[in-house]
Amino acid sequence: MAKEITKRSENYSQWYLDIVKKADLADNSAVRGCMVIKPNGFALWENMRDQLDRMFKASGHVNAYFPLFIPKSFLSREAQHVEGFAKECAVVTHHRLMNAPDGSGVIVDPSAKLEEELIVRPTSETIIWDTYRGWIQSYRDLPLLINQWANVVRWELRVRQFLRTAEFLWQEGHTAHATQAEAVEETLQILDIYTRFAEDYMAMPVIKGVKTPNERFAGAEETYCIEALMQDGKALQAGTSHFLGQNFAKAFDVKFVNENNVEEYVWATSWGVSTRLIGGLIMTHSDDDGLVIPPRLAPVQVVIVPIPKPSPEIGEAAEKVMKALQSKGITVKYDRDDKNRPGFKFAEHEMKGVPVRIGIGLRDLENNQVEVARRDTREKNTVPFDGVADYVGQLLEDIQQNLFNRARQFRDAHTSRVDNFDDFQSLVETPHPEWSESWGGGFISAHWDGTTETELKIKELTKATIRCIPLDAEEEQGRCILTGKPSKGRVLFAKAY
RNA sequence: CGGGGCAUAGCGCAGUCCGGUUAGCGCGCCUGCUUUGGGAGCAGGAGGCCGCAGGUUCGAAUCCUGCUGCCCCGACCA
């Protein structure tokens, strides 16, 4: 059926790369580890960004922009923070080039060495908290609720398009609060926003949880996250929200005077989601025929294909359908290409993930109808011409809901409760030929003794890590699957991206 | 940074071992005709510093030396 897309069951990671390529989302670039996001991919990102931006603003946040470069000394102010990021920083050392004396091109001008080297931001806590010092004096200046849309650079050794690139686009929120309780509340509020976005827009079910100390963000007191399960049984960290305590306030000396005229350090949060979400969206819904995009995020929700090719009569009918759909706020595109045949276009639009396709042919014009095909199930229906807009409007909602239900069923079917280490190992090591040769084993809910030592040992033995301690976990007496020591609740394990 | 591989048309590859006409093939691209309700067929056409720099030779994509870049596997990670 689909040409040139590797089957998921044969080679999942090749399938993933094929989707990115065939759906025309991104290209490799001349710079190792950095990708070019093509118009189709960027349109998807814009829709995600715009929706998140609306949600942030609705909850009182505002946007600002901070510099790309961070003085090297800033990074080392917070000890944990620098340790976490030091190994993946791009560093600017000079500010000028010159012609090579031997005429072989340009070289770095040795006389243009910077007094203090600059780091290309891997995240912006340091430069932002250095700035906040000047903005915050009184409790009346709080809370400070700021978000920025930006690019960051983390010099990763192994990269995969969207999932892990040396440069990526994201949003990073950085808030400042007068009390610990308020900062914690903010952290959780953002986690809810991320959850709503993932589930209601991306149709990607997620588990809300808190990270173990070992997986915590460098410099955070507590890291909350949402974790999703991909089709190959591996987990994807889809978003994080950190309670930073007073760590950055102390490192950058950000104090305020409270209502009682007492000076205190400010409480902080930071939180982010990135273009990685696009990778998550691909690996949640797409199939062997190509990309599947949930309607609420699809740059083109409906495409109209003239059969056999564009003509004045079909164009006229298509125009009416487009107007009717547009009046309901539906994004629709008419495929005017007169070179390729219908079959080719059907396959192409499926590959690109357009949720709904409408076929209009001469036969349809005679019968006063159109053919409507949905991407998620590939079902086709004949619909009377006059009822198209209502039908499609409802269909888009059905698809959105169906994608979420399908993904949730998949996740639930591949979430296991395990009570001994043998079962644990067999789950993460047994391949799943239907879904993926490199099957990760799904989510595994198991008891853990609470120590980093045990966590690392399990990782070493199985490659599975603790994705999170679910927020809704029930208290339950049990024994650690590795050490047999007592445990008060289950945590969620998985192999992760 | 360790281990393995690759570099030839826009993309994917053959040719390299064993040097020798004008460097091929598939896809894509351009033109024309016939087609067109699930990835069309035929005919014609365009497109190459064979990664870079040296060397050996009458002659190098092919042999030698040195670079450079990329990919895969591991260590690090949203």
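Throughout, a chain's letter reflects where its sequence line sits, starting with A, and its residues are numbered from 1.
The side-chain tip of A:R160 points at the ring of A:Y16 from less than 6.0 angstrom away and within 45° of straight on.
In this structure A:D27 satisfies the side chain to side chain donor-acceptor pair (under 3.5 Å) test with no other residue, sequence neighbours excluded. Partners of A:T212 under the side chain to side chain donor-acceptor pair (under 3.5 Å) rule, at least two apart in sequence or in another chain, are A:E455.
For the pair A:E83 CD and B:C76 P, the computed distance is 14 Å after rounding to whole Å. Rounded to an integer number of Å, the gap from A:Q171 CD to B:A78 P is 15 Å. Atom CZ in A:R467 sits about 8 Å away from atom P in B:A78, given to the nearest Å. Note: CZ (A:R357) to C1' (B:G37) measures 10 Å, nearest angstrom. Per the geometry, CZ belonging to A:F346 stands 6 Å off C1' belonging to B:G38, to the nearest Å.
Counting atom types as modelled, A:K380 pairs a side-chain N or O with a base atom of B:G38 as donor and acceptor under 3.5 Å. You'll find a donor-acceptor pair under 3.5 Å spanning the side chain of A:E350 and the base of B:G38, going by distance alone.
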Hey, what are the protein-to-nucleotides 27-35 of chain B N/O distances that come in under 3.5 Å?
{"unit_1": "B:C29", "atom_1": "OP1", "unit_2": "A:K339", "atom_2": "NZ", "d": "2.8"}
{"unit_1": "B:U35", "atom_1": "O2", "unit_2": "A:R341", "atom_2": "NH1", "d": "3.4"}

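Residue-level contact check: A:N28 touches neither bases nor backbone, having no heavy atom under 4.0 Å from any strand.
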